[in-house]
Amino acid sequence: MKEEVSEITWSKLLELRPEWLWLITLILIIAPMIFPIHAPFRINESTLRVYEFVENLPEGSVVVSGGAGNYAFMYETSAAFIAFLNQIKNRDIKLIIFPLHPDSLMFEPWAIRVAGFDKVKEYGKDWVILNYIPGGSYITLPAFMQDIKGLCRTDLYGTPLDELPIFNNVDNYEDIDLWVDCGANSMWSLVRYVAPYHVPIIGFVHSAYYPMFQPFKAAGLVYEFTNGIRGGAEYEKLVGYTPWNLGTITMDAYNLYSIYVLILVILANIGTQILKKGGCV
Amino acid sequence: MSKVLYRDIMPYLLFIICFIPTLFSYYFNIPLLSKLTYELRGWSTLIGVTAMFLGLCNIIIYNYRTIKERKAGWQFGVYTIVLVFSWIIAGLYFGGLASPAYQQMYIYIKAQCWSAQIGLLTFFFVSAAFRTFRAKNLQALVLLIFAFIPFIGLAPWGEQIWPGWPAFSSWILDNVAMAGSRAIVIAASVGLVVMITRIVLRYEKGGLVRG
Amino acid sequence: MFIKGRVVDFVVMVVLFVATWISIYLAHRGKTREIRSIPSLTAVTEGVKRAAEMGRPVFMSAGFGGVGSATTMAGFAMLDVVASECARLEVPLRTTFASSETLGAAEMIVAEAFRREGRPDLYQPGKQVIYFSGEQYAWVAGIGGLMARERPACAVYMGTFFSEALYFGECGARVGALQIGGTTAQLALPLLAMTMDYLMIGEEIYAVAATITKDPVQMGSVTAQDIGKIILYAISVIGVILMLAGSDIVVKLMNT
Amino acid sequence: MINFWIWIGVALTLATWSYLWKDSPAFRWAETTYIAAAVGHSFIVGLYTLRDRYYPIMHGKPLLIIPAILGYFYLFILWRRGRWVASYPIAIGMGVGLATQMSGTIASDFIGQTLGLISEGGRIIGATPVTAFTNALTIVMTLCSLSYFIFTVKPRGVYGIVYKLGQYCLMAALGAMAGNYILGTGLSITLATIRRITFGLQGYG
């Protein structure tokens, strides 16, 4: 009798409506936002290399943020990008934004605002956003490397590039010290069309793409990648507090969420085995 | 006869005319061929972009039918049609993608919907894991065990209980997962070539039907 | 004349092409090999029958890929089968595509399948084939809503998918649909494995029509697929053995 | 002004997530809003692209008028008797796309992956025991998994064992990929969605 009751309980548990599972998930996701745990995690070698490379850039360097395809709004990579903006925002480093997809016209100004970059830096002198040029990166990227002003002519808001002070000393690939890419699917074209000019590339990529891109690093085409949101969290830890601070929060939620899924799966398996013994399954 | 010519043979010939130069320009170094292929790529991109008008028509027809038949929630049909056109008009009025007003619209409506939708995956993972990862037989047990090695390796507490866990999980991903996915990829490539050959030999229609 | 490093590519292409041609020719003369059963494939016809009994629609999607993708073509072959079954049993069919190009081709396929089964009156543009925009997650949201409202009894997914495979699987499981999924995309396969009732892994989707229709063309091309794989198997084994013996001749040969 | 937009974002997010409880008019509102916005946005991007693509017709490339017209042939689908006209643009898209895919797949998947497999054989002899074991294991697992995809041979005898092993190898691979994926994109985006709202309400963004 007692066994039967336990079987009924287990079978009820196994048939639990997913809505309840989802409700607990939501609570577990919101909890670390309100009560941050700041669980410890280690800093990966690659993130450290990215941080040190940016830290060692000489004053007056020019950084191009190019890429950020239609995955730009996948926030997995933006934590690292915003941490990067925070790292360079108090130094004399110039930023040129060159979108390779119409959607990154939306993403990059947003990221700049969130990082508070536009409050510290002056538009036109320290940073600039160029217009999206259709035609595919296999045409635009080589042209950009050869002659920036010839390709773009104006910035996003229609000002001719000659009138912007940032372009006084910037003409072609020789003046670019670093290329960063926030996104993922533009990396293939960057490797093909930017790497041959010996411009160092740093990619803030998705964890799904991170193992896929390792051969590029091994071949010396790309300097380093950060690994998804985990890399973002590590970058945030290195830079210190950033206003967005998504990565650190995510690491807390990761802990809770993964333990929760683990418990659920263990319960499900115990239930299945008990019911199997009772001959119910 | 002419019906067959226009409806069956001509589209097929057009397909072959586009297929052969594009394929052969990959293998042979003939300047004329690569120039032709470059043009054809441009053509197919242009046609692909123009097809958006069909998409617009389809969405209007679908919603119009919902309204006409007074199906449940037909009001949303009206809403969709109105919103599509007002979005297009607003976008063109504001001056396109670069304008700040359009960027506001994009970020707070479209991107917000996007991230909310994709966020549903987090929840679905929980219920899918609960439903699937049950060791009903040996195969399911293998699936379960190998799923949890990278899972714990990625979680920050995984490296706290055993420092070697991240390395172990990446070893599993680089070797076990890679072996399986490599087999899938190789086999699929053979199937793909045979499939395309079938279309070229006209044993299979693909998209080339009369309608 | 050959571009350097692409000679073997060309040879492989020609060999596979000829193998397909010959095996289909032989299959027409009755010389076929028996195909081992793939349980997920017969499930499709069962699923449509189930939908007819329950009076609920069938959902089919050939994925996110464009019209120039062979995976989508495999999905089209499946759509043809599903649409004919639906027309015959008068089951409502719902199918959606994420690109307006594939949408056009899908409309034509469904129209022809309905015409072939003698029910052209049931087909209307924009009724069976629905467009939910070309953006990935807007399309997914549309499908999520459609599934919750129309409650399909059977859902077939075959083509290129990404992370949305999980979304579809969970929405379908919630309304109790029989789900059959297959793809070659590495990103979506584990997700389909987690949620589907029947799974077609990788190449199985190209062999799909063979076990359903049993016509010589399909049987012949499955034989050709196997010939291709056996050649590949042989190359790999010989290559590895030679590698162990310290000779990289196979690698050099394949790089020509 | 900024708060107005934020509140729209909040409403859309909550409406979307209401789907988890059940399908409701709220979710339908979010869904149709998203679909309409996506269609509208892609239409605007398409119009700008078309403008740039049509430009060369008048300036030195008159032949482009052919695809420009062929593209509109898609609309014939809506007319029952003229439906066949639409197979012309489909034929071009299929021809170019399939040819590109075929050559690319043979190069990267067939040749490239086979080469990868073979070159792993070169890393067995003379390597450290761990590397040698890893590479040997990978080769065996790949070959076993590959045998799962042979359809015309009945799995019996020795081949039957290899076939069975192949099934387990595939299951292990799929499991590992799934486990890697669970803690991937979804969670960080859910968090970011909430984070962006709270952030916006504080006056940023």
Side-chain angles (χ1 to χ4, degrees), chain B residues 23 26-30 44 47-48 51-62 64-65 72-73 110 113-114 117-118 120-121 124-125 127-129 131-133 143 147 181 183-188 190-201 203-211, chain C residues 1-3 6 9-10 13 16-17 20-21 24 66-68 70-71 73-74 76-77 99-101 103-105 107-109 111-112 125-127 129-131 133-134 137-138 140-141 149 163 166-167 169-170 173 184 186 189 193-195 201-203 205-207 217 221 224-225 228-229 232:
Chain B
L23 185 67
Y26 180 82
Y27 299 113
F28 301 108
N29 190 9
I30 303 169
S44 94
I47 289 174
M52 73 185 180
F53 290 103
L54 175 67
L56 194 68
C57 287
N58 186 296
I59 207 160
I60 290 168
I61 292 173
Y62 173 68
Y64 171 72
R65 186 167 292 129
K110 190 168 159 279
C113 283
W114 180 88
Q117 283 289 348
I118 206 169
L120 288 177
L121 284 185
F124 290 155
F125 266 125
S127 53
R131 219 154 35 85
T132 314
F133 290 146
L143 189 82
S181 65
I184 293 169
V185 162
I186 293 179
V190 178
L192 182 139
V193 175
V194 172
M195 177 91 194
I196 295 177
T197 309
R198 227 154 55 201
I199 294 174
V200 172
L201 294 176
Y203 286 119
E204 176 132 0
K205 286 167 290 186
L208 295 174
V209 288
R210 272 193 203 188
Chain C
M1 193 164 85
F2 269 108
I3 293 179
R6 290 179 184 175
D9 292 41
F10 186 71
M13 201 248 327
L16 285 176
F17 193 92
T20 314
W21 201 337
I24 292 177
V67 78
T71 329
M73 295 297 137
F76 280 166
S99 105
S100 29
E101 265 187 300
L103 172 85
E107 292 263 22
M108 312 256 297
I109 288 166
E112 198 191 62
K127 188 181 177 191
V129 186
I130 308 164
Y131 182 63
S133 94
Y137 267 84
V140 172
R149 282 188 287 277
S163 53
L166 180 75
Y167 195 110
E170 282 303 290
T184 52
Q186 288 176 62
L189 257 177
M194 279 173 82
T195 48
I201 303 171
E203 202 201 351
I205 70 165
Y206 296 113
V217 174
S221 53
Q225 287 178 13
K229 268 165 298 184
L232 200 144

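Every chain is numbered from 1 and lettered A, B, ... according to where its sequence line falls, protein lines coming before strand lines. Every heavy atom of this structure was used, including side-chain atoms; hydrogens, water molecules and symmetry mates were not.
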Enquirer: What pairs with C:R6 under side-chain hydrogen bond (donor to acceptor under 3.5 Å, both in side chains), at least two apart in sequence or on another chain?
Expert: none
Enquirer: Select, from B:V200, B:I30, B:V190, the one with the greatest count of heavy-atom pairs under 4.5 Å involving chain C.
Expert: B:V190
Enquirer: Side chain from CB out, backbone as N, CA, C, O: work out which of these in B:I199 comes under 4.5 Å of a heavy atom of chain C, or both, or neither.
Expert: side chain
Enquirer: Name the region of C:T20, side chain, backbone, both or neither, that has any atom closer than 4.5 Å to a heavy atom of chain B.
Expert: side chain
Enquirer: Looking just at side-chain N and O atoms, do C:E203 and C:T184 make a donor-acceptor pair shorter than 3.5 Å?
Expert: no
Enquirer: Is the C:F10 to B:Y26 ring centre distance short of 6.0 Å?
Expert: no
Enquirer: Counting C-beta onward and ignoring hydrogens, is there a side-chain heavy-atom pair between C:L189 and B:I184 closer than 4.5 Å?
Expert: yes
Enquirer: Which atoms of C:I130 are under 4.5 Å from chain B, going by heavy atoms: the side chain, the backbone, both sets, or neither?
Expert: both
Enquirer: Tell me, side chain or backbone of B:I196 under 4.5 Å from chain C's heavy atoms, or both, or neither?
Expert: side chain
Enquirer: Go through the atoms of B:E204 and report whether side chain, backbone, both or neither lie under 4.5 Å from a heavy atom of chain C.
Expert: side chain
Enquirer: Starting from the C-alpha separation in whole Å, work towards a yes-or-no answer on side chain to side chain donor-acceptor pair (under 3.5 Å) for C:Y167 and C:T195.
Expert: CA-CA 9 Å; C:Y167 195 110; C:T195 48; over 6 Å; no
Enquirer: For C:S99 and C:Y131, does a side-chain donor sit closer than 3.5 Å to a side-chain acceptor?
Expert: no
Enquirer: So, the side chain of B:T132 versus the backbone of C:M194: is there a donor-acceptor pair under 3.5 Å, distance only?
Expert: yes
Enquirer: If we define contacts as heavy-atom pairs under 4.5 Å, which of C:V140, C:T71, C:I24 has the most with chain B?
Expert: C:I24
Enquirer: Can you tell which part of B:Y64 gets under 4.5 Å to a heavy atom of chain C, answering side chain, backbone, both or neither?
Expert: neither
Enquirer: If you define the side chain from C-beta out and look only at heavy atoms, does anything of C:I109 sit under 4.5 Å from C:E112?
Expert: no
Enquirer: For B:Y27 and C:F2, I'd like to know if the aromatic rings sit close, meaning centre-to-centre distance below 6.0 Å.
Expert: no
Enquirer: Counting heavy-atom pairs under 4.5 Å to chain B, which of C:A105, C:G68, C:G126, C:G202 comes out on top?
Expert: C:G126
Enquirer: Is chain C contacted by the side chain of B:L23, its backbone, both, or neither, given a heavy-atom distance below 4.5 Å?
Expert: side chain
Enquirer: Side chain, backbone, both or neither: which part of C:I3 has a heavy atom under 4.5 Å from chain B?
Expert: both
Enquirer: Give, as side chain, backbone, both or neither, the part of C:F76 having an atom under 4.5 angstrom from any heavy atom of chain B.
Expert: side chain
Enquirer: Which region of C:Q186, side chain (C-beta onward) or backbone (N, CA, C, O), has a non-hydrogen atom less than 4.5 Å from a non-hydrogen atom of chain B, or is it both or neither?
Expert: side chain
Enquirer: Select one option (side chain, backbone, both, neither) describing which atoms of B:V193 are under 4.5 Å from chain C's heavy atoms.
Expert: side chain
